[in-house]
Amino acid sequence: MTARLEFRRELTTSPTPAERRREILANPGFGKFFTDHMITARWTPERGWHDAVLRPYGPFSLDPATAVFHYAQEIFEGLKAYRHSDGSIWTFRPDVNAARFQRSARRMALPELPVEDFVGALDLLIQTDQDWVPSGGEKSLYLRPFMFASEPFLGVRPAQDVTFAVIASPAASYFAAGVKPVSIWLSEEYTRAAVGGTGAAKCGGNYAASLLAQQEAIENGCDQVVFLDAVERRWVEELGGMNIYFVYDNGLIVTPELTGTILEGVTRAAILELAADLGYKVDERRVDINEWRQGVATGRITEVFACGTAAVVTPVGQLKWRGGQLTIGKGECGPVTARLRQQLLDIQYGRADDTHGWLHRV
Ligand code: PMP
């Protein structure tokens, strides 16, 4: 057992003026503004995790030969801190993100960070920058833990010097003007992940590889891209940054099973349990792209939604591909989607009983 990381504290001498902070929190957008502090820690084979510091937010100075620039040995996480109406601050299942971070680290030959140190780092940063956690209107503080190969060395092997860091960014409600269904582009040329590849890991390379398909989606008037499996080009996997669910007319809710090429979303897992709580039958299995098309045409599939930390639960209004398109239901947010979305938000914002014990008080 290694001892829990001790964080040295170096507080900023020039915090953002309160007035400017309030201005940002009124209209934070996403991923544009950052809080006053960040966390860093270092790993070497000799010393393990050490030199953990809470420090002023600021740039890294990295040697041009730093391995991450060349071989993309990097992983990250994304989760949110929510302010409840009594002012208290909570995160949603941070231990599940910590466990996924460990799995991603293993896949990318990076050192694992103990779950307690991951959660402890988040708590310390949130407590220090607690004035940056917005209140009201489904706003939140988005947390971005990440880890990268910081060794300056051009040899292709796992880095012997690794950096862990956490930054935080206030986030607006994703659907400020009401929940709006997204349109989805079916990527038939590009795939996201191969069997035996890195699809189940949250590593930067997966996102770099998805950008061209996402660009194609935008060019075709769609908001997001959906990927099929890389072998048969037949099974629906997930979106660029969200998992997907199908709602059937007989009360069944289906999401693609975890095959090793899909990211195991924290939201996806919560919805499996919430849907069962609400009396729906839930199934994890493969979904054929033609089952989606025919299911919508025959009315068997009544709703489709995407889910993830950023947008919570997002109705899918349309699917487009080269040579065709279809509208799901009336192209609006369906009742099952709306209900699951509301239930999850109510738990996260402390308006419903947290019967599963998912919330962690910061
Ligand atoms: N799939 C991908 C590829 C993602 O990037 C994300 C966002 N982390 C998700 C699914 C949803 O995961 P979560 O619910 O943990 O945010």
Side-chain angles (χ1 to χ4, degrees), residues 30-31 74-82 91-105 107-108 115 118-119 122 138 140-147 166 169 171 174 182 184-185 187 190-194 197-214 217 223-230 235-246 255-275 284 287 304-314 316 337 340-341 343-345 347-348 356 358-360:
F30 180 79
E74 186 269 356
I75 58 170
F76 66 100
E77 268 304 325
L79 67 163
K80 287 172 169 177
Y82 308 90
T91 46
F92 184 78
R93 309 187 83 184
D95 52 321
V96 181
N97 290 92
R100 186 169 69 188
F101 199 55
Q102 290 186 322
R103 293 197 298 278
S104 298
R107 181 62 184 85
M108 301 307 288
V115 170
F118 180 96
V119 176
L122 293 177
E138 283 167 27
S140 60
L141 184 67
Y142 183 79
L143 303 157
R144 171 51 63 86
F146 58 109
M147 189 193 290
V166 190
S169 172
Y174 202 83
V182 292
I184 292 197
W185 174 253
S187 180
Y190 307 110
T191 59
R192 180 184 170 275
T198 57
K202 207 161 166 58
C203 60
N206 287 347
Y207 297 81
S210 75
L211 296 177
L212 193 55
Q214 175 63 27
D223 304 301
Q224 303 273 335
V225 61
V226 63
F227 291 101
L228 299 176
D229 77 286
W235 308 104
V236 178
E237 298 227 302
E238 61 179 322
L239 274 53
M242 284 188 264
N243 294 113
I244 192 162
Y245 270 89
F246 299 87
T255 193
E257 68 186 3
L258 301 171
T259 53
T261 54
I262 293 177
L263 191 80
E264 184 172 0
V266 178
T267 320
R268 175 190 179 280
I271 286 171
L272 282 174
E273 294 193 51
L274 281 184
E284 295 175 81
V287 177
V304 179
F305 64 86
C307 66
T309 297
V312 196
V313 169
T314 304
V316 175
T337 304
L340 287 166
R341 177 184 160 75
Q343 183 64 18
L344 187 52
L345 282 169
I347 293 173
Q348 289 170 336
H356 293 275
W358 284 338
L359 295 186
H360 165 82

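What you are looking at is a predicted structure, and each value in this text was computed from that prediction instead of being measured. Whatever order the structure lists them in is the order used to number ligands and atoms, beginning at 1. Hydrogens, waters and symmetry mates are skipped; everything else that's a heavy atom, side chains included, is used.
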| Within the 4.0 Å heavy-atom sphere of ligand 1, strictly under, residues | R100, R192, K202, Y207, E238, G240, G241, M242, N243, L263, G265, V266, T267, C307, G308, T309

| request: Please list, chain by chain and in numerical order, all residues satisfying side chain to side chain donor-acceptor pair (under 3.5 Å) with H360, sequence neighbours excluded. | output: D123

| Salt bridge R93-E77, side-chain N to carboxylate O under 4.0 Å | no

| request: Verify the ring-centre separation between Y207 and F76: is it less than 6.0 angstrom? | output: yes

| remark: Taken in chain and number order and not counting sequence neighbours, the residues that satisfy side chain to side chain contact (heavy atoms under 4.5 Å, CB included) with A230 are T191

| task | Could you tell me whether E238 and R268 have a side-chain N and a carboxylate O separated by less than 4.0 Å? | result | no

| task | List in chain and number order the residues that pass side chain to side chain donor-acceptor pair (under 3.5 Å) with Y190, two or more places apart in sequence or in another chain; answer none if no residue qualifies. | result | none

